Each structure stands twice: as structure tokens, then as C-alpha cells.
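See structure below.
For clarity, every value in this text was computed on a predicted model and none was experimentally measured. Letters go in sequence order (proteins before strands), and every chain restarts at 1.
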2 protein chains.
Amino acid sequence: MSAPEVPVRRQTRQRTAVLTLLDQLDGFRTAQDLHALLRERGDAVGLATVYRALQALVDDGLVDVLRGEDGEAAYRRCSPVHHHHLVCRSCGLTVEVADPPVERWAARVAAEHGFADVQHQLEVFGTCGRCTPAQR
Amino acid sequence: MSAPEVPVRRQTRQRTAVLTLLDQLDGFRTAQDLHALLRERGDAVGLATVYRALQALVDDGLVDVLRGEDGEAAYRRCSPVHHHHLVCRSCGLTVEVADPPVERWAARVAAEHGFADVQHQLEVFGTCGRCTPAQR
DNA sequence: GACCCGTGTGAGAATGGTTCTCATGACCAG
DNA sequence: CTGGTCATGAGAACCATTCTCACACGGGTC
Ligand SMILES: [Mn+2]
Ligand SMILES: [Mn+2]
Ligand SMILES: [Zn+2]
Ligand SMILES: [Zn+2]
């Protein structure tokens, strides 16, 4: 019934800077972090614009969002296919992982309890090798 | 090395009211919601106190926290053993579920990538039967 | 290349959930 | 019962995120 609603995205220096930066990072970063990094690097971008650019990238499926313990959102350039994350609590380093079995499990469990329109969320947190202090 | 650090919890009208209310609810509720419910019911409790009581319950393992899309924290009286949640996006109704296979999977995947001190988080969201509009 | 118009930008204000402050009140061990 | 310690609550403070709105600019068009 409604139009495809395809918002035309203009290519601006700011949006390019945000995506370029994300492509060079390997972990989840907060909008505030990204804003600070852009400023250090020289391509200054307004904070509000960083938020808007990130939201657009999320809508386009190019970036994933994750909420930290404190509720602050963190963003990462991710592959467009469904996957989960193995995240370092210390440095944010992230590895994309897949778990086919859990996909079916989630669907089955939801059906058994009469739930529809199901989605799931699975993340693994830990400390990566580089951040683990040399063990005795 | 450090003392057991066992903070003595006093039993107050406010803390009792919060836990009693949570025991009567079956789904995740925000602190603001709980505060409003307590006010309606008559046992008025300060908002700051609601937050403090909930945090204490979380620390004691009696309550689970979940962050919504908007980052707002939601609380629920839960069993003290490890489990996951099947949550209704509409009314908050929640069912506790377990998935033994995913436990081993998470540990294995983390180990394969050199991650230590691993934890995981798995939640399933959907629309419960009561909230699903009668299908045609 | 010049024009136009709708979209994007940014500084600052506003929002809103959560935490902090601190004077006052209430558990509860002794 | 009493004292000291912990808890409470009203309001201020905090802080990530969103909104406002005047201005800049991307990118079709001719
Ligand atoms: Mn999955
Ligand atoms: Mn588990
Ligand atoms: Zn790390
Ligand atoms: Zn429901």
C-alpha cells in the first residue's frame, strides 16, 4: 500500500569520513569515540551528524549496534548477513561468528510458546588474547 | 585477598514493596514503570530508591536486567540459575528458557579465538499469543 | 557551468533515564 | 531502648542522544 520509501542518500564528506573510519576499525566503538577520533584525525564532523550518519548506516544494514552494560550504544562495520559477535570487553575487538543450531532452536522454542514474529540476539563477551595479562 | 565484602541489607518498607511488586509481575518492567505502579498501588517509594532497590536485587542475583532497543533498562524477578529469555516485545511477558548446546558452543568458539573470562547473552524476542492480533 | 531545491550540517538547546547530594529518617544489634 | 549505621527522597547533576533551525551543499537539469 505504501511507497517503497527509499530515502535518497547524498554522498557528503561527513558520511564518507564516518564510514571510512569504521572500515579501519575492528571493534565496536561508541558514537562519542568515533566523533573524537574524527576530530583527532582532522576530518571534524559535528556530533549530531555522526549520530545521523551511524543511524543511516544501521538502517542500510552496513553497521551493527550493540548496547554496553551502561546502555551506551556501540557501532561496528559488519557484514550484511546474519551473524553474532565475540566481543572483547576490554578493547572492543570483535569477531563475527555463526551458530546455525541456535537459529533453529530459537524458532522452535518461540513456536512452542505461541510467540510469533521472532528475532533473537546472541553475543559472547570475553577478554581477547592481547588484552589478557600474561598468565603466570 | 579482599574481605568478603558482604553489605548488610536492611529490610525496609520500600525494598519489600519493590520485591513484592516484582513477584506479582510476569514480565520485564522499567524502573519508571515500577515506580508508577508503586505510586498507584499506594506504597509510594522515591524514584531514586526504586533504582537502588533494583540494583541491590540485581547484585543479589534475584533480578535480571535487560536493555531495550532504546537502551532503557527493564527488570524482572528471575530464578537464580542461569537461563535465557523469550520476551514479548508488546507486553513484556517473559518465559525463562535453557539451551544447553549453546553453552558449550560459546565456550568453544571463545577458546578457538583466544578469548578468556567468557560470558554470553542470548535472548529471543517475539509477540506472544495474547498480543498477536487474531489472524484472519 | 549556472540554477534550483530538497537534503545534510552543526552549534546549541532540549530531552529523559539514571545517578548523585545531603539533610533527615528508620533498622536492628547490643 | 539507644546509637550508629545504613536507607530514603527531593531535587540537582550527569550525560548520551535527539531536536531545532538557519545555513550550506549535493546533484540532477538545461
Ligand atoms: Mn542467529
Ligand atoms: Mn546460556
Ligand atoms: Zn581486547
Ligand atoms: Zn505479549
Inset, instruction - Any chance you could lay out the salt bridge (charged side-chain N to carboxylate O under 4.0 Å, His left out) test for A:Glu96 and A:Arg76, step after step, and finish with the verdict? - result: CA-CA 11 Å; A:Glu96 294 187 14; A:Arg76 175 176 185 271; 3.0 Å; yes

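- Just one of A:Val58, A:Val63, A:Leu62 meets the side chain to side chain contact (heavy atoms under 4.5 Å, CB included) condition when paired with A:Asp60; it is A:Leu62.
- Atoms NE2 (B:His35) and P (C:dT19) sit 15 Å apart, rounded to a whole Å.
- A:Asp43 is not listed as a side-chain neighbour of A:Thr20, based on a closest heavy-atom distance of 4.5 Å or more.
- Computed from coordinates, the B:Leu34 CG to C:dT18 C1' distance equals 14 Å when rounded to whole Å.
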Legend entry - Heavy-atom protein contacts under 4.0 Å, nucleotides 24-30 of chain C, coded B base, S sugar-phosphate only, - none: --BBS--

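- At whole-Å resolution of the value, CG in A:Leu19 and P in C:dG8 are 16 Å apart.
- The two atoms that bring A:His113 and B:Leu86 nearest to each other are CB-CD2, 3.6 Å, heavy atoms only.
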Inset, instruction - Before giving the answer on salt bridge (charged side-chain N to carboxylate O under 4.0 Å, His left out), spell out for B:Asp64 and B:Arg77 the whole-Å C-alpha distance, their side-chain angles and the decisive distance to 0.1 Å. - result: CA-CA 7 Å; B:Asp64 278 357; B:Arg77 180 71 224 274; over 6 Å; no

Legend entry - Where protein sits on nucleotides 11-23 of chain D, one letter per nucleotide: B base, S sugar-phosphate only, - none, heavy atoms under 4.0 Å: -----SBBBB---

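- Within the model, atoms OG1 of B:Thr16 and CG of B:Leu21 stand 12.5 Å from one another, a figure rounded to the nearest 0.5 Å.
- Atom CZ of B:Arg15 is separated from atom C1' of D:dT8 by 9 Å (rounded to the nearest Å).
- Residues B:His120 and A:His84 place their aromatic rings such that the two centres sit no closer than 6.0 Å.
- Summarising the geometry, the separation between CG on B:Asp33 and C1' on C:dT18 is reported as 15 Å, rounded to the nearest angstrom.
- Atom-to-atom, CD of A:Glu69 to P of C:dG17 comes out at 21 Å; the value is rounded to the nearest Å.
- For the pair B:Asp43 CG and D:dT8 P, the interatomic distance rounds to 13 Å; values are reported in whole Å.
- The shortest distance between side-chain heavy atoms of B:Val124 and B:His85 does not fall below 4.5 Å.
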